[in-house]
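Worksheet: one structure, shown below.
Protein chains get the first letters and strands the later ones, always in sequence-line order, with residue 1 at the start of each.
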Amino acid sequence: MSYQGKFRVWRGDDSGGGLEDFTVEVNEGEVVLDIIHRLQATQAPDLAVRWNCKAGKCGSCSAEVNGRPRLLCMTRMSIFEEAETITVTPMRTFPIIRDLVTDVSFNYTKAREVPSFQPPKDLAPGEYRMQQVDVERSQEFRKCIECFLCQNTCHVVRDHEENKEAFSGPRFLMRVAELEMHPLDTADRVDQAQDDHGLGYCNITKCCSEVCPEHIHITDNALIPMKERVADRKYDPIVWLGNKLFRRS
Amino acid sequence: MPELERHSFDVLVIGAGGAGLRAAIEAREHGLRTAVLCKSLFGKAHTVMAEGGIAAAMGNVNSSDSWQVHFRDTMRGGKFLNNWRMAELHAQEAPQRVWELETYGALFDRTKDGRISQRNFGGHEYPRLAHVGDRTGLELIRTLQQKIVSLQQEDFKETGDYEHRLRVFQEFTVTDLVKDGDRIAGAFGYWRESGRFVLFEAPAVILATGGIGKSFKVTSNSWEYTGDGHALALRAGASLINMEFIQFHPTGMVWPPSVKGILVTESVRGDGGVLRNSDGKRFMFDYIPEVFKDKYADNEEEADRWYTDQAGNRRPPELLPRDEVARAINSEVKEGRGSPHGGVFLDVSTRLPAEEIRRRLPSMHHQFKELADVDITAQPMEVGPTCHYVMGGVEVDPDTGSSSVPGLYAAGEVSGGMHGSNRLGGNSLSDLLVFGRRAGAGAAEYVRGLSDRPAIAEEAVTEARATALKPFQQEGGENPYTLHMELQQSMNDLVGIIRRAEEMDEALQRLEKLKERARSLSVEGHQQFNPGWHLALDLRNMLLVSECVARAALLRTESRGGHTRDDHPSMDAEWRRKLLVCAVSGDGVEVVEKPQIPIRSDLLDLFDRSELEKYLTAEELA
């Protein structure tokens, strides 16, 4: 059941690089990451790739396969034709370190900018009471494995380095939504989302939801509801008038 | 030679899984400058793979639960070889550690009255595992990661520097610990990205590096699990205990080949899933050992009633401790009643409605759909044993996590004793939290009590650098990938789930040859992000730790928990009183017997005498 597959893998570093051709054995049931590992073991021992759990749970092996952002460990070879040449490139939105490995520190910087969970001060550990139906909304967002494919695919930053400062990206806007919808969080997250994290840049093209390996409805369940809350707060004419009259903002 | 990057901290934590992060939080909360060094990106540690839950006797689902019951279950699961003090602290403190996670922002599944829901699991008498669907490990890691970020935000507010007191060095590998005389003085390692070397000066090091599974061919463990902490401890002069006990999780995926070994959570069985052989028979009824006969149902009707009425019925045998289930599957396959790809069938599709399966086991549903084209709501899964967890590890003081080397601490999977000869599912995540916190506090107290800081001799640094660079200086030597595959094959075949003296002798001979060949490893390319080089350095650790496993397993002439001897099939009460202690000797490992610490009498009183008779010697019972 095995065959010789044709691959083009991007190799290089921050000074430049290009696609290199390889022919390598492919066996039944394998995923693209298996092929990359076989390349390391047989033809290119110093080929750099980031990976960890190999089960779609840690979000380390993000890259682009034939131009589409994917986890290498969850991309089965059986979705391709045997004669097809498969192109594997690093995520485009982040600076290259080497080969398939990119510098994802942008994401860690953004994570730090989201103020943490703020529980009610008088609630002791063990006294938290929440209903399942109320935690489910945030639980969906906490399925995120931080593969950063949504950050990579989002057109606001994909080819627009200049937006990176003002825009936290879908992953961290979703984190803001997660905290906003946490039944016991006491902080006000609505203004933050718009003013500090650039929610307004998002024009709900849903590319993030499309590439999410956890199938989280990032746009529908996190970003749009946050936009609605922002709109209610900032653009509701009666609230606007009230704010003007009573100088609440 | 490029100038060496140097840092100075009070406490170094090696590893950023549950134990490492909890330890770091504790050390930082004690006001110490703390660094976390981890091989992967921050938040990717192997703890994310834990699925089922965190065992803690909160009594939210069944109020009869208490720390005493949890303690009993843990000791039974470990066949009474556990360090009783660790099992006691663990059972007592686990609930506080879980509640604390809620204050950090964790969102567990809830009971109807809004408390943390708890699920059934193998070996636990009551529903005890706090969980989030079947992705509890991810919730734990993310929660601790976010807590660390929140501490960094506090420091930023106060000092203008996020990393003032707590800094994470990610994609960084430690290759050697450095000492000043007898005590720890720091650690040496390299940045994965650039390959550049770094020296950390610190009076205390907490090992939280996890396990050793990558020495075996079929494993649920990731590439990080190369026994680094075990080996670092050994080379620094600390000892390891219980290394012969390795848990083969009964249910790993067996097909397709590329995912062989990946974990299928025990929650599948906890939620009603059953094991069947190729004849369609629920074979676990044939494998209930004598010591568990009064706790497990011997017929399907009673077993099925248990899910709704736990007071009036005995548990289904699918929920026996992991070692028992793994051995049973192994025998079924060996006797020709296995599934097409060499496992057995695990079926939840005929036991729960499809919607319920998707809700309770979302990541299993996803994993099988995406990787094996199997819809678990309609078809059974094929599963078989996979190397999952090492019970053995650094011998530590239960209360502080301190090893025998001053300044060296260990917590989580890299430490030994807590789980005895076999760990119960769900007791790992709670172990990480309870002993991560204790090691953080222990290290902090140690550092506070020092009158002077240790110093690092330049020779030690030169030597560590030379060791790390050696594979580049040898041309035409062995390929690390080839050597690694041979090691994995040997350990899998010869020191695996069922063991025999001749095979382990053979394994030790092969290990000697592999060690010899490892001296001439050579790697191509340069130091920047070079996986071949990383593997060459990791191999040094895997070989040392594998030798501990094989030597200890050969010596222990009984079967107990995660150590099954075909040539010594029964459990021997005399052996329960002995620990096998591994230490470095020359370029190899020496294993010596040491008496087990007797169980405190008030803890022994928690058990019926008739049960103790199954485990203890007449002398101990007198």
Okay, B:Tyr104 and chain A: the region with an atom under 4.5 Å from a heavy atom over there is backbone
**Q.** pair A:Arg142-B:Leu107: side-chain heavy atoms closer than 4.5 Å
**A.** yes
- Item | Heavy-atom side-chain proximity of B:Glu139 to A:Gln139 below 4.5 angstrom | no
Most heavy-atom pairs under 4.5 Å with chain A, out of B:Gln145, B:Glu100, B:Gln170, B:Arg135, belong to B:Arg135
TODO: With side-chain contact (heavy atoms from CB on, under 4.5 Å) as the test, would you mind laying out the steps for A:Phe117 and B:Glu102 before giving the verdict?
DONE: CA-CA 10 Å; A:Phe117 172 58; B:Glu102 286 200 306; over 6 Å; no
Practice task
Kindly confirm or rule out a cation-pi arrangement of B:Lys44 over A:Tyr108, judged by NZ or CZ under 6.0 Å from the six-membered ring centre and within 45° of its axis?
Solution key: no
Interatomic distance, NZ@A:Lys57 vs CG@B:Leu138, rounded to 0.5 Å, equals 10.0 Å
Under 4.5 Å to a heavy atom of chain A? For B:Asn221 that would be neither
One should read off an interatomic distance between A:Gln131 CD and B:Lys112 NZ, to the nearest 0.5 angstrom, of 9.5 Å
Between the CD atom in B:Glu224 and the SG atom in A:Cys58, the distance rounded to the nearest 0.5 Å is 8.0 Å
- Message: Quick check on B:Glu475: does its CD atom have over 12 non-hydrogen neighbours (other residues, nucleotides or ligands) under 6.0 Å away?
- Response: no
So, the part of A:Asp185 with a heavy atom under 4.5 Å from chain B: the answer is neither
Is it true that atom NE2 of A:His217 has more than 12 heavy atoms of other residues, nucleotides or ligands lying nearer than 6.0 Å? no
The interface call for A:Asn52 against chain B, heavy-atom contacts under 4.5 Å, is both
From the list A:Pro183, A:Gly59, A:Ala48, A:Ser116, the residue making the most non-hydrogen contacts under 4.5 Å with chain B is A:Ser116
When the 4.5 angstrom heavy-atom criterion is applied to A:Val133 and chain B, the contacting part is neither
Taken to the nearest 0.5 Å, the spacing of B:Phe529 CZ from A:Ile97 CD1 works out to 7.0 Å
Output for pair (A:Lys54 NZ, B:Met49 CE), nearest 0.5 Å, gives 10.5 Å
So, the part of B:Thr143 with a heavy atom under 4.5 Å from chain A: the answer is both
Chain A shares the most heavy-atom pairs under 4.5 Å, among B:Ile262, B:Val98, B:Leu371, with B:Leu371
When the 4.5 angstrom heavy-atom criterion is applied to B:Glu51 and chain A, the contacting part is side chain
Chain B shares the most heavy-atom pairs under 4.5 Å, among A:Gln118, A:Glu214, A:Glu30, A:His182, with A:His182
So, the part of A:Ala111 with a heavy atom under 4.5 Å from chain B: the answer is backbone
Looking only at A:Leu184, A:Val135, A:Asn27, most heavy-atom pairs under 4.5 Å shared with chain B are made by A:Val135
When the 4.5 angstrom heavy-atom criterion is applied to B:Phe108 and chain A, the contacting part is backbone
Of the listed B:Glu524, B:Glu171, B:Gln367, the one with the largest count of heavy-atom pairs under 4.5 Å with chain A is B:Glu171
Applying a strict 4.5 Å limit to non-hydrogen atoms, the region of A:Arg98 in contact with chain B is side chain
One option among A:Glu28, A:Met74, A:Arg50 has the most heavy-atom pairs under 4.5 Å with chain B, and it is A:Arg50
The interface call for A:Val101 against chain B, heavy-atom contacts under 4.5 Å, is side chain
Taking C-beta and beyond as the side chain, do B:Glu193 and A:Asp103 meet within less than 4.5 Å on heavy atoms? no
Open item on the list: Under a 3.5 Å distance rule, please check whether B:Glu370 uses its side chain to pair with a backbone N or O of A:Arg76 as donor and acceptor.
Closed with: no
Item to complete: Would you kindly check if the NZ (Lys) or CZ (Arg) of A:Arg112 is within the cone defined by 45 degrees around the ring axis of B:Tyr162 and under 6.0 Å from the six-membered ring centre?
Response: yes
OG (B:Ser258) and NE2 (A:His37) are apart, to the nearest 0.5 Å, by 11.0 Å
Report, as yes or no, whether the 6.0 Å neighbourhood of atom CD on A:Gln43 holds more than 12 heavy atoms from other residues, nucleotides or ligands.
yes
Over 12 non-hydrogen atoms of neighbours within 6.0 angstrom of NZ in B:Lys217: no
Cut-off 4.5 Å, heavy atoms of chain B, and the answer for A:Ile145 is both
Cut-off 4.5 Å, heavy atoms of chain A, and the answer for B:Trp255 is side chain
Chain B shares the most heavy-atom pairs under 4.5 Å, among A:Glu127, A:Arg175, A:His215, with A:Arg175
Per-residue tally against chain A (heavy atom, under 4.5 Å) across B:Gly532, B:Gly105, B:Ser40 peaks at B:Gly105
